[in-house]
Amino acid sequence: MLDKTFDPKTAEPRLYEAWEKSGGFAPTDDPNAEPFSIVIPPPNVTGSLHIGHALNNTLQDVLIRFERMRGKAALWLPGTDHAGIATQMVVERQLAQSGNLSRRDLGRDDFVAKVWEWKAQSGGTIVNQLKRLGASCDWSRERFTLDEGLSAAVRKVFVQLHKQKLIYRDKRLVNWDPHFQTAISDLEVEAREVDGHFWHFAYPLEDGSGEIVVATTRPETMLADTAVAVHPSDERYKAVVGKAVRLPIVNRPIPIIADEYPDPGKGSGAVKITPAHDFNDFMVGKRHNLPVINIFDDFARLNDNAPPEYRGLDRFEARRKVVEAFEALGLLREIEKTRHTVPHGDRSGVVVEPYLTDQWYVAAEVLAKPAIKAVEEGDTVFVPKNWEKTYFEWMRNIQPWCVSRQLWWGHRIPAWYGPDGRAFVEETEAEAQKKADEHYGRPVALKQDEDVLDTWFSSGLWPFSTLGWPEKTSDLARFYPTHTLITGFDIIFFWVARMMMQGLHFTGQVPFKRVFINALVRDAEGKKMSKSKGNVMDPLELVDDYGADALRFTLTAMSGQARDIKLSRQRIEGYRNFGTKLWNATRFCQMNGCARAEGFDPAAVKAPLNRWIVGETTRTAQAVTAALADCGFGEASEHLYRFIWNQFCDWYVELAKPLLQGDDAAARAETQATAAWVLDVILKLLHPVMPFITEELWLSTADLGARRGEGGYLMTARWPDLPESLIDAGADAEVALIIAAITEGRSVRQGLNVPPSAQPALLVVETTAAQRGVLEANAALVQRLLRVSEVRFVDAVPAGAIPYVVEGATLALPVADFIDIAAERARLTKEVGSLTGEIAKISGKLNNADFVSRAPEEVVEENRERLAETQAAKARLEEALARLGAAG
RNA sequence: GGACGUGUAGCUCAGCGGGAGAGCACCUCGUUGACAUCGAGGGGGUCACAGGUUCAAUCCCUGUCACGUCCA
């Protein structure tokens, strides 16, 4: 006998271990099985599971469990990402906290060793957390982006792209993060709106004939100005173009140039030009061959190109000092408050500097072309489809991708430099040495590039590098392209786009056929959850409190397409209760001898109730299957919830009680067998979403009755495939009548405050012959559930009885003795009022000649029927009201 | 400034060209052995606003307002 409730705390670890031991997470060896593969979006190796991971991985697990049960060779390939900047940051912070040497003091090799130590220590955390969620990944295939195999793939890709001239070294302005002292890509820059100022500075003309006023939000950069620009059409400045101003503080003449860039309508119309420290100014400088003066070092402190008294100052100190100097010189014309966007490093949170450096770039604009085409032609589809627009938008405007990072944790760039700085890009140092020696005609010393690659460079290879590429492995042949990628829209650019580009370039095939973009879990204000905002919900705490199944069901149910999820504990609790409900329904069946019958055929059951539930089970199985096949996660859970709770528990179990506890042995046996069969189907259908509780129930009912065709675990049982022919419209109608008679009768009783203990008769007044038969046959049932003394067939509604209509049949409850006549009169009057309104509405339609002539025949007919029914119901209520008047 | 999305019951959301839905919350009643992590019943909404298309609009179109996200 089952306990009263499911205990996730003890059952979940036990079941997970059993699954893992069974080998069921690995794809079947059956060569005829259709492959279905998913690669996990690799979480940061040193990270821990947050609610977004919980959602993303729940959906992947739902899908993989579903397809596994459908008999496919289902592979969910797990792994982790080395997450360069994020991990290096964590370890550096740890070093600082424990009073160790800093990264630089430690040196590269020792520091990297420390990171590996940290990885060994905490790298298993997130994997174990995924297990607690129930994730059925094939752990035997687990990969890490810094694995030897994946690193080899990275080197191969880099070298090949270089040989194809799709990777090149270039000196240009990059986004420089002064906190980490590394370049970052455009995507890693976050524009934040902040309060700032416009400082209006006067630059005196060299010839003493006046001044030009320029405004800037970054006064310190004026030390590196090399021109002042005005628009060529700007009449105010026509005369001074070609002249020079004397740059204050620095005391250097710089030219006044004409360029399209300045907006004459903004401020004075004149703009200071600092090519080394502004992206727009850099372009202007290029057009006019202006000198590029860099005044910062890697930490964004002023270097020796600045006047002596500024050297070594932080950029913000320098800013204050420059403003003070202008004030002292009498050249500060105005300070204007402003709100403007300032680029910040997404990891460091500090203001990013445009900074002139040598970096490696990928010609993304070339790789993007096939990636755009593949989505245009439907080789890869986005679900929901709207996200294609986001993808296209970015891909069509893609910029060269800066892939070098001045970090230590990551894939070191496979480039070696000769004595004259010439780069030899090869997969191994030996190969580079060989090429270098050949080139120089003598043995030379090479020095490897100090930089590592952007983390996304290696994760862009994930769908094929994890399957063994560049080796031609059987996994690669079988599981690539992968089928579905499930991820968040926040990394469409970072990751999805890069996988598309690199996958197509190196394998000639799309990396996945379908991309499902899951919602973002947000807080109440619609903000992303983040640690710094302190608005996170810890999924593991939720698992502790409600069990993994409850959290999974909640996330699945709420994952409507293209939506934000606002998570609440109440909701999770509700789905925990749902699990308990199923648990107890199973317990009830167990207590009532429900057991699988040998050779049970759902098509052969006789009792209408059983035929009905077999049909409903079929409908549900079909709906859930269709939904899951289409990533309709919310829809699938909705069908499951309604069927299990509102049909199976609320009605089937209740209606089956007389059969299960009655004297008709044949009917009892059939009902026991049917219930057992339905439960088995329910467990299967619900398993992908709630794997633990369903598996526990599956195992604990394994010995009830005939053995299941499929032995072992529910996880690897066969998904139900039920034919339409199991649906019996006649049985549906019968059960619908019984349910309606009871529901409406209850409504009448309670609406009139008839005490629960009162047991009037149920009078059946007017029915079809078939309905009469149904009510006769199920009299005992109706007595029990409606709490009436008997079901009696009469010719007319007697005085003092309250009639009600279901499915066109008139029933009545003689409850005058129990009720408040005035309250009943009020109730009936209100009801008549609402019916009158409805009648007016419908007849309005039907009296409209256009409606009758133009609307489809069925719609018109439907309205006619509704009108007739509503009028009949109203007539009956008015009759009852009249009788009430007579009685009162 | 551009793109995308959202405005439906107190809250969270589903629905979608022809009778306004669910869960939670709320109110009333109820422990007949599956379940109080429960059961029964009930109240509650000019489906953001304004136009348009249509026999018919919460649903389609246009505009307005509000909010959100992303990209400049």
Side-chain angles (χ1 to χ4, degrees), chain A residues 1-6 186-187 189-191 341 343 384 386-394 397 489-490 492-493 519-520 522 524-528 546-547 550 554 557-592 594 634-635 637-638 641-642 645-646 649-650 653-654 656-657 660-661 742-757 784-787 827 838 841-842 844-856 858-860 862-863 865-867 869-870:
Chain A
M1 172 68 64
L2 292 168
D3 292 337
K4 267 183 110 168
T5 55
F6 174 58
D186 298 344
L187 285 175
V189 176
E190 211 175 275
T341 56
N386 297 13
W387 292 110
E388 285 179 7
K389 285 191 181 171
T390 305
Y391 172 84
F392 285 139
E393 185 68 20
W394 189 69
N397 297 297
F489 62 78
D490 49 334
I492 289 179
F493 304 149
L520 208 59
R522 294 175 187 279
E525 283 87 47
K527 296 271 189 296
K528 246 170 123 164
Y546 305 105
T554 308
M558 296 181 83
S559 79
Q561 297 188 339
R563 275 224 151 251
D564 300 339
I565 291 183
K566 290 170 197 160
L567 201 56
S568 78
R569 280 183 164 261
Q570 260 185 342
R571 190 89 186 238
I572 305 171
E573 197 177 312
Y575 291 126
R576 187 269 320 268
N577 297 353
F578 170 65
T580 306
K581 186 76 183 174
L582 172 64
W583 182 269
N584 278 290
T586 310
R587 188 160 170 267
F588 168 83
C589 290
Q590 207 181 63
M591 290 166 68
N592 284 275
C594 296
E635 206 184 324
S637 47
E638 171 94 7
Y641 186 93
R642 299 196 112 42
W645 199 317
N646 301 121
C649 294
D650 285 352
V653 167
E654 290 308 320
K657 280 177 181 172
L660 290 169
Q661 291 152 11
I742 294 168
T743 305
E744 292 300 310
R746 281 171 175 165
S747 180
V748 170
R749 284 187 68 130
Q750 294 202 26
L752 299 176
N753 287 319
V754 177
S757 55
R784 176 175 175 147
L785 294 179
L786 187 51
R787 303 177 66 75
R827 190 186 73 90
E838 209 177 321
K841 216 166 133 187
I842 304 170
K845 261 192 204 179
L846 289 167
N847 290 336
N848 180 346
D850 282 334
F851 171 72
V852 178
S853 63
R854 296 201 181 200
E858 317 88 76
V859 174
V860 177
E862 198 187 307
N863 274 275
E865 280 168 20
R866 259 182 56 215
L867 180 63
E869 276 168 29
T870 313

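A quick note: this is a predicted structure, and the numbers were derived from the prediction, not measured. All chains are named by letter (A, B, ...) in the order of the sequence lines, taking the proteins before the strands, and each is independently numbered beginning at 1.
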| query | Given A:Lys657 and A:Phe588, is the side-chain contact (heavy atoms from CB on, under 4.5 Å) satisfied, shown in steps? | reply | CA-CA 10 Å; A:Lys657 280 177 181 172; A:Phe588 168 83; 3.6 Å; yes
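- Among the heavy atoms of the strands lying under 4.0 Å from A:Gln570 are primed sugar atoms or P, OP1, OP2 only; no base atom is included.
- One P atom belongs to B:G7, the other to B:C47, and the distance between them is 14 Å to the nearest Å.
- Rounded to a whole angstrom, the distance from the C1' atom of B:A9 to that of B:A72 is 40 Å.
- Taking atom P on both nucleotides, B:G43 is separated from B:G2 by 48 Å, rounded to a whole Å.
- At most 12 non-hydrogen atoms from other residues, nucleotides or ligands lie less than 6.0 angstrom from NZ of A:Lys841.
- Across all strands shown, B:G1 forms a Watson-Crick or G-U wobble pair, both distances under 3.5 Å, with B:C71.
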| Under 4.0 Å protein heavy-atom contact, by nucleotide of nucleotides 33-43 of chain B - B base, S sugar-phosphate only | -BBSBSSBBS-
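- Using a 4.0 Å cut-off between a side-chain N of Lys or Arg and a carboxylate O of Asp or Glu, A:Arg642 and A:Glu638 qualify as a salt bridge.
- Comparing the P positions of B:U54 and B:C49 gives an interatomic distance of 23 Å, to the nearest angstrom.
- In this structure, CD of A:Glu393 is placed 13 Å from C1' of B:G1, rounded to the nearest angstrom.
- Between A:Asn848 and the phosphate of B:A56, there is no side-chain N or O to OP1/OP2 separation shorter than 4.0 Å.
- When the P atom of B:G5 is taken as reference, atom CD of A:Glu388 falls 13 Å away, rounded to whole Å.
- For the P atom pair drawn from B:U58 and B:G21, the interatomic distance equals 14 Å after rounding to whole Å.
- Rounded to whole Å, the C1' atom of B:A66 lies 16 Å from the corresponding atom of B:U8.
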Please tabulate, one pair per line, each protein N/O and nucleotide N/O from nucleotides 18-22 of chain B that are separated by under 3.5 Å, including the distance.
| unit_1 | atom_1 | unit_2 | atom_2 | d |
| --- | --- | --- | --- | --- |
| B:G19 | N2 | A:Arg866 | NE | 3.3 |
| B:G19 | N3 | A:Arg866 | NE | 2.9 |

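- Using N1 to N3 plus N6-O4 or O6-N4 for Watson-Crick, or N1-O2 and O6-N3 for G-U wobble, each under 3.5 Å, B:C47 pairs with nothing.
- Using Watson-Crick or G-U wobble geometry with both donor-acceptor distances under 3.5 Å, B:C11 finds its partner in B:G23.
- Of the P atoms belonging to B:G45 and B:A40, the separation is 24 Å, rounded to the nearest Å.
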